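Working notes, beginning with the structure itself.
These figures come from a predicted structure and were not determined experimentally.
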Amino acid sequence: MRGRIVETEAYPPGDASGHAFRGQTARNRSLFLGTGFAYVYFIYGTSYMLNVTAEEPGIGAGVLLRAFEPLEGIEQMERYRKTSKLLDLARGPGRLATALQIDQRLDGVDLCTDGPLWLGTSVGNTALVGTSVRIGISQEVGRLLRFFEIGNPFISGPKALSRK
DNA sequence: AAGAAGATTCGCT
DNA sequence: GCGAATCTTCTTA
């Protein structure tokens, strides 16, 4: 399966809304591995979330992947998601993880080498990138750390947050 | 040991 | 738009 990442949120060092804020624990240890690893966790009893770690080893920080534009393996994603609506396959962080069948087994995987999950290079023409506040958090609410491709239909969240 | 909150989704109105 | 589902982790006693 393959696709384009079209929406992300940053959780930088020292951010009170980030899982690394209170230091390393059994759950968030992958966040401290260094740049380019997967941090996968389970939340709300229903959803897995995928982050890409984003700092040097020992510093906890990551980027949440919130939406994905499916390009290849769409039939497989439809099976995992139990829907055939293309726009709903990976629109939202929990859906993205479900579509790619991502769970705790992929926690800590190196995304920059060959393996079950990896990051490729940019595909196609990238439109302008907009910013907004992050979705679903209650700390550091005002920071403009959500990023999305303007106009892309595969983006999650309220429409008002995806205009610019 | 118990309780609350959480980087959400789905179904129903 | 609203509330339930569902479970892990951290906080507080």
Side-chain angles (χ1 to χ4, degrees), chain A residues 1 3-55 58-70 74 76-109 111 117 119 129-150 152-164:
Chain A
M1 293 178 279
R4 297 177 68 229
I5 297 163
V6 297
E7 180 189 351
T8 63
E9 283 177 0
Y11 290 85
D15 181 349
S17 64
H19 286 187
F21 185 62
R22 292 172 211 291
Q24 191 169 338
T25 65
R27 178 210 208 187
N28 69 18
R29 65 189 152 73
S30 295
L31 273 178
F32 295 80
L33 288 174
T35 299
F37 291 84
Y39 165 50
V40 179
Y41 66 92
F42 191 57
I43 195 166
Y44 297 129
T46 57
S47 309
Y48 287 99
M49 304 275 163
L50 171 64
N51 288 240
V52 180
T53 60
E55 287 292 340
I59 298 181
V63 173
L64 171 69
L65 304 190
R66 288 196 56 93
F68 184 87
E69 176 179 343
I74 290 170
Q76 201 169 7
M77 296 183 204
E78 289 174 342
R79 282 199 296 278
Y80 297 146
R81 283 276 297 119
K82 296 179 169 42
T83 178
S84 58
K85 292 182 182 175
L86 183 62
L87 283 172
D88 287 343
L89 284 184
R91 187 166 52 82
R95 290 167 169 177
L96 184 156
T98 302
L100 298 177
Q101 204 167 55
I102 286 167
D103 59 27
Q104 69 277 4
R105 294 170 312 176
L106 293 173
D107 186 36
V109 162
L111 299 174
L117 183 67
L119 291 166
V129 175
T131 62
S132 82
V133 298
R134 293 171 290 181
I135 296 173
I137 59 171
S138 55
Q139 303 283 310
E140 309 243 8
V141 174
R143 302 183 74 180
L144 299 179
L145 292 176
R146 174 171 170 266
F147 304 91
F148 53 90
E149 185 179 39
I150 293 175
N152 189 293
F154 294 90
I155 286 174
S156 73
K159 201 174 179 182
L161 287 185
S162 295
R163 301 183 81 67
K164 61 185 177 55

Between the base of B/dT9 and the side chain of A/T46, is one N or O donor paired with an acceptor at under 3.5 angstrom?
no
CG of A/D88 versus P of B/dC10: gap in Å, rounded?
8 Å
Without decimals, in angstroms, what is the distance between A/F21 CZ and C/dT11 P?
11 Å
Indicate, with a heavy-atom threshold strictly under 4.0 Å, whether A/R81 touches base, sugar-phosphate, or nothing.
sugar-phosphate
A/Y44 atom OH is separated from C/dC7 atom C1', nearest whole Å, by 13 Å
What's the CD1-C1' distance between A/I43 and C/dA4, to the nearest Å?
16 Å
Between A/H19 and A/Y11 (judged by ring centroids, cut-off 6.0 Å), do the two rings come close enough to count as a pair?
no
May I ask you to say what A/T98 touches in the nucleic acid, namely base, sugar-phosphate or nothing, with a heavy-atom cut-off under 4.0 Å?
nothing
Round to a whole Å and report the spacing from CD1 of A/I137 to P of B/dA7.
8 Å
Nearest-Å distance for atom pair CG/P, residues A/L50 and B/dT9:
13 Å
Is a side-chain N or O of A/T53 found less than 3.5 angstrom from the main chain of A/G36, in a donor-acceptor match?
yes
Donor-acceptor under 3.5 Å (A/R134 side chain, A/A10 main chain)
yes
Minimum-distance nucleotide (side-chain atoms of A/N51 versus B/dT8, C/dC10, B/dA7):
B/dA7
Choose from B/dT9, B/dA7, C/dT8 the nucleotide whose nearest atom is closest to any side-chain atom of A/R95.
B/dT9
Just checking, is any N or O donor in the side chain of A/S132 or A/R146 under 3.5 Å from an acceptor N or O on the other one?
yes
If you check the A/F42 side chain, which of C/dT9, B/dT9, C/dC7 turns out closest?
C/dC7
Distance below 4.0 Å between A/R146 side-chain N/O and B/dA7 OP1 or OP2:
no
Nearest to side-chain heavy atoms of A/S138, which nucleotide of B/dT8, B/dG6, B/dA7:
B/dG6
Mind checking who C/dC10 pairs with, Watson-Crick or G-U wobble, both distances under 3.5 Å?
B/dG3
Are A/Y39 and A/Y41 an aromatic pair by the rule of ring centers under 6.0 Å?
yes
Provide, to the nearest angstrom, the distance between the CD atom belonging to A/Q104 and the C1' atom belonging to C/dT9.
15 Å
From CG of A/N28 across to P of B/dA7 the rounded distance in Å is 12 Å
Both distances under 3.5 Å, Watson-Crick or G-U wobble: report the partner of B/dG11, or none.
C/dC2
Report which part of the nucleic acid A/R134 touches: base, sugar-phosphate, or nothing (heavy-atom distance under 4.0 Å, all strands).
nothing
Do A/R66 and A/S156 pair up side chain to side chain, a donor and an acceptor below 3.5 Å, judged on atom types alone?
yes
Nearest to side-chain heavy atoms of A/R22, which nucleotide of B/dT8, B/dA7, C/dC10
C/dC10
Face-to-face stacking of A/Y11 with B/dA7, centres under 5.5 angstrom, angle under 30°:
yes
Any side-chain N or O of A/T25 less than 4.0 Å from the OP1 or OP2 oxygen of C/dT9?
no
